[in-house]
Amino acid sequence: MSYICPLCNGLASFTATCPDCGHVLEDAGMKSDYIGPYSPYGSADQYTAVYSLQISPGCEHVVVCPHCHEGYIYHVNAWKAP
């Protein structure tokens, strides 16, 4: 079973607001891009691994508030690929 992230693939837009000030948060990319130098080049089966743990399959993104400069980790639910 294969899954895709709608944000990474440009299929959906990010529309969450900052819990501190209420401004619209900006997507700063996948969390894995910030972990290490080779993290973006991991296995293409990362969604399958998450699914096998019976957690909602998805992708974690770093989101930032442009007003108060707070950063958050946001879980994006993956879509089932055809």
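Values below: all heavy atoms of this structure, side chains included; hydrogens, waters and symmetry mates excluded.
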Looking only at non-hydrogen atoms, find the nearest pair between V63 and F14 and report the distance. CG1-CZ, 3.3 Å

Of all heavy-atom pairs linking H75 and G58, the shortest is CE1-CA, 3.8 Å

Rounded to the nearest 0.5 angstrom, the CE-SG distance for M30 and C5 is 7.0 Å

Are any of the side-chain heavy atoms of T17 and L25 separated by less than 4.5 Å? no

Assign the ring pair H67 / H23 to parallel, tilted or perpendicular, where the plane angle (0 to 90°) is split at 30° and 60°. parallel

Partners of E70 by side chain to side chain contact (heavy atoms under 4.5 Å, CB included), sequence neighbours excluded? D20, C68, Y72

Could you work out, with side-chain hydrogen bond (donor to acceptor under 3.5 Å, both in side chains) as the rule, every residue matching E60, not counting sequence neighbours? K31

Residues passing the side chain to side chain contact (heavy atoms under 4.5 Å, CB included) test with P66, sequence neighbours excluded, are E26

For the residue pair I4 and L11, establish whether any side-chain heavy-atom pair is separated by less than 4.5 Å. yes

Rounded to the nearest 0.5 Å, the CG atom of L7 sits from the CG atom of N77 at a distance of 10.5 Å

